[in-house]
Amino acid sequence: MKYWLMKSEPDVFSIDDLKTKKKTSWDGVRNYQARNFMRDEMKLGDLVLYYHSNCEEPGVYGIGKVIKEAYPDHTQFDSKSEYYDPKAKKDEPRWFMVDVGFVEKFKVPVTLNQMKSEKALSDMLVLRKGNRLSITPVEKKHFEKVQGLGN
DNA sequence: GCCAACGTTGGC
DNA sequence: GCCAACGTTGGC
């Protein structure tokens, strides 16, 4: 089993939305590295740190889990979608998504600032300067540390 | 709103 | 295959 961190803008889809809806399809990823993680490495049952980006208090707000492995992201074929990709072909999809289910919302969010100040988390990918990747692998020890800080 | 960092595109 | 120009991300 692997561990991941996935970024979401809370204005678009927050941990509370995930809690309410129970699950979500992770559509709209248009970055090859992130796609490859989803398509090639994310497995059923993998756990996910749910990160809020582009907001007042960036940080990890809870935990989700992979409930469906990669399948073609339908928005790439939808000319009305903001994620439409005219170069994608039906028989050769370019973009994939996974489904993520709700596991828990942290009692206290683990903020980006807090994570930066934790020695034990210093080599997490998401803390690297200029990191823009929306999906990153997370080590087990880091996952457990963050979870511990949130609960 | 600013801007650094990074990814992608396209001319050559 | 190089690289300048451009677009996007995301913290601040």
Side-chain angles (χ1 to χ4, degrees), chain A residues 2-21 23-42 46-66 70-100 102-139 141-143 145-151:
Chain A
K2 291 200 168 88
Y3 300 89
W4 304 93
L5 180 143
M6 296 174 92
K7 292 181 189 172
S8 182
E9 299 189 17
D11 292 346
V12 179
F13 201 87
S14 70
I15 187 74
D16 291 317
D17 294 325
L18 185 62
K19 185 175 184 180
T20 305
K21 303 224 169 117
K23 61 171 186 166
T24 187
S25 298
W26 213 271
D27 63 10
V29 171
R30 295 293 179 267
N31 169 285
Y32 288 104
Q33 244 184 305
R35 178 205 66 182
N36 292 347
F37 283 137
M38 286 201 290
R39 189 190 58 187
D40 306 334
E41 297 196 46
M42 289 184 101
D46 282 2
L47 292 172
V48 175
L49 295 175
Y50 198 99
Y51 182 94
H52 284 184
S53 66
N54 246 318
C55 57
E56 220 160 276
E57 193 72 85
V60 177
Y61 280 70
I63 289 176
K65 108 182 136 178
V66 177
Y71 59 108
D73 177 346
H74 56 84
T75 62
Q76 70 193 299
F77 306 121
D78 178 1
S79 58
K80 292 185 202 70
S81 168
E82 61 175 313
Y83 300 124
Y84 177 58
D85 182 350
K87 291 180 188 157
K89 299 195 186 76
K90 270 257 158 79
D91 54 347
E92 206 183 325
R94 183 185 281 211
W95 305 111
F96 292 81
M97 61 189 182
V98 298
D99 286 357
V100 173
F102 177 78
V103 174
E104 67 177 17
K105 180 184 176 181
F106 285 165
K107 293 195 180 68
V108 222
V110 182
T111 66
L112 181 60
N113 273 333
Q114 192 181 357
M115 292 168 75
K116 282 177 177 166
S117 71
E118 288 284 342
K119 272 242 166 62
L121 300 176
S122 59
D123 48 344
M124 279 186 78
L125 286 174
V126 72
L127 301 181
R128 290 223 185 124
K129 192 178 178 185
N131 171 49
R132 292 169 28 193
L133 201 53
S134 62
I135 302 176
T136 51
V138 170
E139 288 177 43
K141 62 177 180 186
H142 292 151
F143 182 92
K145 177 70 180 175
V146 172
Q147 187 175 29
L149 291 170
N151 286 324

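Reckoned from all heavy atoms, side chains included, excluding hydrogens, waters and symmetry mates. Keep in mind that what you see is a predicted model, and the values were worked out from it rather than measured. The chains referred to below are lettered A, B, ... by the order of the sequence lines, with proteins before strands, and numbering in each begins at 1.
- For A/K145, the side chain to side chain contact (heavy atoms under 4.5 Å, CB included) partners two or more places apart in sequence, or in a different chain, are A/E118, A/A120, A/L121, A/L149.
- A search for side chain to side chain contact (heavy atoms under 4.5 Å, CB included) contacts involving A/K89 returns A/D91, A/E92, not counting sequence neighbours.
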In residues 108-117 of chain A, what donor-acceptor pairs under 3.5 Å come from side-chain atoms, sequence neighbours left out?
from	atom 1	to	atom 2	distance (Å)
A/T111	OG1	A/Q114	N	3.1
A/S117	OG	A/Q114	O	2.8

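- Remark: A/A88 pairs with A/Q76, A/F77, A/D85, A/R94 by the side chain to side chain contact (heavy atoms under 4.5 Å, CB included) rule, at least two apart or across chains.
- In this model, the phosphate group of C/dC12 is approached by a side-chain N or O of A/K116 to a distance below 4.0 Å at OP1 or OP2.
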- Determine, for nucleotides 3-10 of chain C in 5'-to-3' order, which nucleotides have protein heavy atoms under 4.0 Å from the base (write B), from only the sugar-phosphate (write S), or from neither (write -). ----BBBB

- Message: salt bridge (charged side-chain N to carboxylate O under 4.0 Å, His left out) for A/R128 and A/D123? Distances and angles first, verdict last.
- Response: CA-CA 8 Å; A/R128 290 223 185 124; A/D123 48 344; over 6 Å; no

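- Annotation: side chain to side chain contact (heavy atoms under 4.5 Å, CB included) contacts of A/N151 (sequence neighbours excluded): A/E104, A/F106, A/K107, A/Q147.
- Residue pairs meeting the side-chain hydrogen bond (donor to acceptor under 3.5 Å, both in side chains) criterion with at least one partner in residues 5-18 of chain A, sequence neighbours excluded, are A/S8-A/Y50, A/E9-A/N54, A/S14-A/D17, A/D16-A/K105.
- Legend: residues meeting ring pair (Phe, Tyr, Trp, His ring centres under 6.0 Å) with A/Y84, ordered by chain and number and at least two apart, are absent.
- Remark: nothing in residues 77-91 of chain A comes within less than 4.0 Å of DNA chain B through any heavy atom.
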